[in-house]
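Heads up: the structure comes next, in structure tokens.
Index from 1, following the sequence. Remember, it's 1-based here, ligands and their atoms both numbered in the order they're listed. Computed over heavy atoms, backbone and side chain alike; hydrogens, waters and symmetry mates excluded.
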Amino acid sequence: MSALATERSVAIQAVLQASRVCQSVFQHLVANETLTKNDKSPVTVADFSAQAIINTYLHKAFPNDPIVGEEDSKDLRGDAGKILREKVHSLTNGVLDESEKLSEDQILEAIDRGNYAGGAKGRHWALDPIDGTKGFLRGGQYAVCLALIVDGQVQLGVMGTPNLPVDPAKPDGEKGTLFITVRGQGAFQRSFSTPTETKIHFSDIATTEEATFCESVEAGHSSHGDAAEIAKLLGISRPSVRMDSQAKYCSISRGDGDIYLRLPTSKTYVEKIWDHASGSLLVTEAGGKVTDVNGKPLDFSIGRTLEANKGVVAANTKIFDRVLESVQKVLSSKL
Ligand SMILES: Nc1ncnc2c1ncn2[C@@H]1O[C@H](COP(=O)(O)O)[C@@H](OP(=O)(O)O)[C@H]1O
Ligand SMILES: [Mg+2]
Ligand SMILES: [Mg+2]
Ligand SMILES: [Mg+2]
């Protein structure tokens with residue numbers, strides 16, 4: 001049996017179920033079902049349900065594994081959280097089998113199992129129940145992202161992208177793609193509906209002029225202006241493809257695009273490990289390279305954040321050095 005085979009299959013089942021709950025919540029979603037966190041990022045019923053489901057699957061299979069999860073149950077507790085708690089409860093159970101159904105208390109407990117501090121020792125999971133919450137709310141791209149980190153290094157990543165076409169050549173065809181990677185074993189995708197996996201890899205372009213850029217929809221998450229200047233330096237004439245979430249890492253890993261830049265918009269924002277763990281491993285296993293904007297490897301060993309890094313540069317290995325050089329040229333001119 002190959003390394004991490006059990007972890008791989010548990011992660012796939014967990015991410016698939018969580019993706020289904022997201023799809024179900026989206027269908028039921030009305031505007032007043034969202035609430036706003038202090039940091040102004042909208043948190044929905046789906047974020048909580050997806051985290052409850054994945055943490056429950058992980059706990060059943062690996063009771064000793066700690067989890068670094070984005071959400072906590074604070075907003076679901078007490079009288080103030082009653083309405084939201086009931087919605088999370090009914091929508092979560094709506095996708096679970098009879099034998100898997102969870103009580104309200106079990107849901108709260110499961111969500112809060114994601115409170116681990118992370119770090120360099122031993123193994124833990126990193127979970128973003130919905131990455132691209134804004135994309136989810138606008139019916140665009142979002143991703144359910146789960147990674148296993150061992151001794152500070154990402155070893156496994158599974159991402160569910162319910163709105164990403166299975167075949168990029170058929171944008172109106174079946175949607176719902178799962179991306180799967182284990183360190184040293186390559187990068188794969190499959191549809192939600194069929195377990196057959198296909199190996200994926202970067203496109204084989206050799207020059208930056210042929211490249212396509214991917215960037216955040218949210219200009220507050222990554223500077224669109226800096227990206228346009230970098231594109232100019234690289235001789236890129238195609239318009240950038242804007243999408244939310246780690247679907248960007250997925251897209252470049254299967255050759256839909258070639259470069260993903262996350263260009264800091266503030267001096268103080270610190271990236272979170274769950275926003276990059278699974279996506280960055282997918283990229284390297286698909287033949288790409290990832291560093292931060294200073295060319296430093298992403299360091300997942302510090303805790304819940306990528307404190308030692310600034311931004312992200314991910315690209316086809318063949319053009320990576322040129323891309324990084326242009327990123328540094330543009331960013332250093334801003335200092
Ligand atoms: N100022 C900022 N700069 C960079 N990323 C930010 C940010 N504020 C929030 N984010 C992160 O950006 C993620 C979405 O990225 P993208 O723009 O690529 O879709 C959010 O994940 P969530 O949606 O899981 O909260 C959030 O963690
Ligand atoms: Mg968030
Ligand atoms: Mg996120
Ligand atoms: Mg999230």
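Of all the heavy atoms in Ser240 and Glu215, the pair that sits closest is OG-OE2, 2.7 Å. Here the closest non-hydrogen pair linking Val144 and Cys22 is CG2-SG, 4.0 Å. Shortest non-hydrogen contact noted between Ile200 and Gln189 is CG2-CG, 3.7 Å. Nearest heavy-atom pair across Asn55 and Ala110 is ND2-O, 2.8 Å. Here the shortest heavy-atom pairing between Val323 and Ala315 reads CG2-CB, 4.4 Å.
Remark: ligand 1 atoms within the under-4.0 Å shell around heavy atoms of Asp244 are 19 (O). Here is the list of ligand 1 atoms found below 4.0 Å of a heavy atom in Gly220: 1 (N), 2 (C), 3 (N). In summary, the atoms of ligand 1 found under 4.0 Å from a heavy atom of Ser216, numbered by their order in the structure, are 16 (P), 17 (O), 18 (O). Close approach to Gly132 involves these atoms of ligand 1, each under 4.0 Å from a residue heavy atom: 22 (P), 23 (O), 24 (O). Less than 4.0 angstrom separates some heavy atom of Asp128 from each of these atoms of ligand 1: 24 (O).
Summarising the contacts of atom 13 (C) of ligand 1 with Lys134, Arg262, Glu271, the nearest heavy atom is found in Arg262. For atom 11 (C) of ligand 1, the nearest non-hydrogen atom from the set Tyr249, Tyr260, Phe136, Tyr269 comes from Tyr269.
Asn163 contributes a side-chain N or O that, together with a main-chain N or O of Gly140, makes up a donor-acceptor pair within less than 3.5 Å. The backbone N or O of Ser222 lies less than 3.5 Å from no partner atom in the side chain of Arg262, so there is not a single donor-acceptor pair. A donor-acceptor pair under 3.5 Å links the side-chain atoms of Gln246 to the main chain of Gly279, judged by distance alone.
Looking at Asp128, its N, O or S atom nearest to the Mg ion (ligand 4) turns out to be OD1.
Exactly one of Arg77, Lys82, Arg85 qualifies for a salt bridge (charged side-chain N to carboxylate O under 4.0 Å, His left out) with Glu104. That residue is Arg85.
Residue contacts with ligand 1, taken as heavy atom pairs separated by less than 4.0 Å, involve Asp275 solely via side-chain atoms from C-beta onward. With a 4.0 Å heavy-atom cut-off, ligand 1 is reached by no atom of Val217.
Checking only distances, Glu70 does come within under 3.5 Å of ligand 1, N or O to N or O. When only interatomic distances are considered, the shortest N/O to N/O separation between Met243 and ligand 1 does not fall below 3.5 Å. Between Lys272 and ligand 1, no N or O atom pair is found at a separation short of 3.5 Å. The distance criterion of under 3.5 Å between nitrogen or oxygen atoms is not met by Glu218 with respect to ligand 1.
By the 6.0 Å contact criterion, NE2 on His201 is open, its count of non-hydrogen atoms from other residues, nucleotides or ligands being 12 or less.
Between Tyr249 and His276, the ring-plane angle classifies as perpendicular under the 30° and 60° cut-offs.
Judged by the shortest distance from any of its heavy atoms, Lys248 lies inside the 4.0 Å radius around the atoms of ligand 1. Ligand 1 has no atom lying under 4.0 Å from any heavy atom of Ser266. Residue contact annotation: Ser245 has a non-hydrogen atom under 4.0 Å from ligand 1.
Because the distance cut-off is set at 2.8 Å, Pro129 fails to qualify as a neighbour of the Mg ion (ligand 4), as none of its N, O or S atoms comes that close. Not a single N, O or S atom of Asp131, from either the backbone or the side chain, sits less than 2.8 Å from the Mg ion (ligand 4). At a cut-off of 2.8 Å, Glu70 coordinates the Mg ion (ligand 2) through an N, O or S atom.
Between Glu218 and Arg138 there is a salt bridge, since at least one side-chain N of the basic residue sits less than 4.0 Å from a carboxylate O of the acidic one.
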